[in-house]
Amino acid sequence: MTATSVKAPPGATRRRYLILGLAFIGLSLNYLDRANLSVALPFIQEDLQLDLSNAEKGLILGAFFWAYDGAMLAAGWMADRYGSRKAFTFAALWWSVVTALTPLARGFWSLFAFRFALGAGEAPAYPSATKAASRWFPRHERAFATAVIDSGSRVGTVLSLPVVTALIALVSWHFSFVVLGVIGIMWAAVWYWYYRDPREHSGANDAEREYIATNGARLEETDDEAAAQIRWRDLFRYRTIRGMMLGFFCLNFVIYFFLTWFPSYLKDARHLDLAELGTLGTLPGITAIAGGWIAGIVADRRIRAGADVTRVRKTVMVGGLLGGAAIVFAAPAKSVYVALLFLAISYASLAIAATGIWSLPGDVAPSSRHVASIGGIQNFASNIAGIISPFVFGLLLDLYDGNYLPSFLVAGVVAVIGALTYAFIVGRAEPLPVLDR
């Protein structure tokens, strides 16, 4: 290994970290709004006197992903075409308005419709944030930047339990949707006002721009001309891209248990009350946030020391998915604390894997014009799992009288398949070559 001189020059601004903070907040709000219904659904069902089966609740929770996934391919293209500033603002305005209007729902179909509309609006968020990170952060800082952005999904999910339950307890479930919708609109205004690409941002000086550009950030001025001409549809010809789609599908199959069924699991299988949901229920998510950040810091440190980028990325992805299979041991645990321990190990391991997964678009994109598109492509495949996973969990719960063990066994097997995919199908973490047409 040969260490590389990658230290920022004296006097360079650090505007990229303010951009990172804003993107982190945006993704946190994105997932807070996404998880809102998962937390509020038992209370909505009780208030509206809805007699919903577990399969029907799974369909409502999964409706988000039908739209989210259907819009994802276009969302990645849109972020590359119009840039992170416009695409992220558009997404935040859409999902925030839909969130604020959700209390108008009165039954299965209206809940399904609002959930579907929310998914369509949230699609551009992750590709936009990924593209922003690839432009503002050099290669040796990419894992940490990705970990911070991706941890927004964990922060939003964790906060949904105490925040939504507190708003429900203080006022009503209706209030939680209105408040979060208004906050999202405010964030959209700030992002549109503040965000610019490095060469256009008045707050970044030439030293920071030079440091970013010469150390692997994905910018137009560093693009290979032939690579920049690769067509969007030709990205699917690469084995690495197809492997990224399958591997991310496997990760999301498991991780979306924590975004959909987790509150119901704690309430129904572990018999936690409202206060315990807002406290004990946050432990796996907090562990996942810490795990992702630590993994990002360690990965960047290894790359700065000269470690092979591919080996670093694959270590966190393969190891993280294998650790995610620990969800299997939560179901037979006698104690709620033991169950939470295994769930924390699983969630943290999946978060660690995600730091590598979301770094890959910036690593393998043939040019800067393909980063968000590749992020959208892998996210499209991953969220097919978002459609399937909630329904499969609900169906297995109905078939096995509320026993979570069969669902967790399926999730564990899928996690192992994902680990094998990143180990043997996904290629090197470097720009993909130009293929003959």
Side-chain angles (χ1 to χ4, degrees), residues 27 30-31 34 61-80 91 116 119-120 122-131 146 149-150 153 230-260 313-314 316-318 320-321 324 350-351 353-366 370-393 410-411 413-427 429 432:
L27 265 297
N30 179 285
Y31 270 75
R34 187 183 304 193
L61 295 172
F64 172 97
F65 300 102
W66 287 93
Y68 185 76
D69 209 39
M72 184 54 65
L73 293 177
W77 172 87
M78 183 178 76
D80 275 331
F116 187 90
E122 290 200 4
Y126 250 110
S128 299
T130 302
K131 185 176 183 68
T146 299
I149 289 173
D150 187 58
S153 65
I230 293 175
R231 297 171 299 186
W232 179 87
R233 64 176 178 269
D234 287 335
L235 294 172
F236 293 91
R237 296 172 59 194
Y238 292 95
R239 172 177 169 169
T240 286
I241 299 295
R242 297 192 297 271
M244 289 166 64
M245 294 172 71
L246 176 58
F248 205 0
F249 171 93
C250 294
L251 180 132
N252 265 14
F253 188 93
V254 186
I255 214 166
Y256 273 109
F257 161 76
F258 295 95
L259 304 181
T260 55
R313 299 285 190 247
K314 290 203 172 194
V316 297
M317 293 185 297
V318 174
L321 275 157
L350 296 169
T355 66
I357 289 170
W358 276 112
S359 294
L360 278 183
D363 292 333
V364 306
H370 299 99
V371 175
S373 295
I374 293 175
I377 288 170
Q378 70 167 6
N379 212 21
F380 162 77
S382 76
N383 282 287
I384 294 175
I387 298 170
I388 297 172
S389 179
F391 179 72
V392 168
F393 269 80
V410 170
V413 170
V414 172
V416 173
I417 293 172
L420 295 174
T421 299
Y422 284 111
F424 300 111
I425 298 178
V426 174
L432 296 168

C250 SG to L350 CG distance, which is reported to the nearest 0.5 Å: 11.0 Å

Over all atoms of both residues, closest heavy-atom pair of S359 and T146: OG-OG1, 3.5 Å

Smallest separation among heavy atoms of G243 and V426, with atom names: C-CG2, 3.5 Å

Rounded distance [0.5 Å steps], CG in L246 versus CZ in F249: 8.0 Å

S153 and Y126: CA distance, side-chain angles, deciding distance, side chain to side chain contact (heavy atoms under 4.5 Å, CB included) verdict: CA-CA 10 Å; S153 65; Y126 250 110; 3.6 Å; yes

Side chain to side chain donor-acceptor pair (under 3.5 Å) partners for N383, two or more places apart: Y256, N379

Set of ring pair (Phe, Tyr, Trp, His ring centres under 6.0 Å) partners for F236, sequence neighbours left out: W232

Pairwise distance CE(M317) to OG1(T421) - rounded to 0.5 angstrom: 10.5 Å

R34 side, atom CZ; L27 side, atom CG - distance, nearest 0.5 Å: 8.5 Å

Shortest non-hydrogen contact from A354 toward D150: CB-OD2, 3.1 Å

From CG (N252) to CZ (F248), nearest 0.5 Å: 4.5 Å

Criterion side chain to side chain contact (heavy atoms under 4.5 Å, CB included) on W358 and I149, from CA distance to verdict: CA-CA 9 Å; W358 276 112; I149 289 173; over 6 Å; no

Minimal non-hydrogen separation, G76 against P127, with atom names: CA-CB, 3.9 Å

Main-chain N/O of I357 paired to Q378 side chain as donor or acceptor, under 3.5 Å: yes

Residues forming a side-chain contact (heavy atoms from CB on, under 4.5 Å) with A365, sequence neighbours excluded: R218, H370, V371, I374

Least distance between heavy atoms, A411 atom then F393 atom: CB-CZ, 4.3 Å

From N30 atom CG to S128 atom OG, the distance as rounded to the nearest 0.5 Å: 10.5 Å

I377 vs L73 side-chain heavy atoms within contact, under 4.5 Å: yes

Partner residues of D80 under the salt bridge (charged side-chain N to carboxylate O under 4.0 Å, His left out) criterion, sequence neighbours left out: K131

Side chain to side chain contact (heavy atoms under 4.5 Å, CB included) assessment of Y422 paired with L360: CA-CA 11 Å; Y422 284 111; L360 278 183; 4.3 Å; yes

Nearest atoms (heavy-atom pairs only) where A125 meets A91: N-CB, 4.2 Å

Pairwise salt bridge (Lys or Arg N to Asp or Glu O under 4.0 Å) hits with a residue in residues 355-366, at least two apart: R139-D363, R142-D363, R313-D363

All ring pair (Phe, Tyr, Trp, His ring centres under 6.0 Å) counterparts of W77, not counting sequence neighbours: none

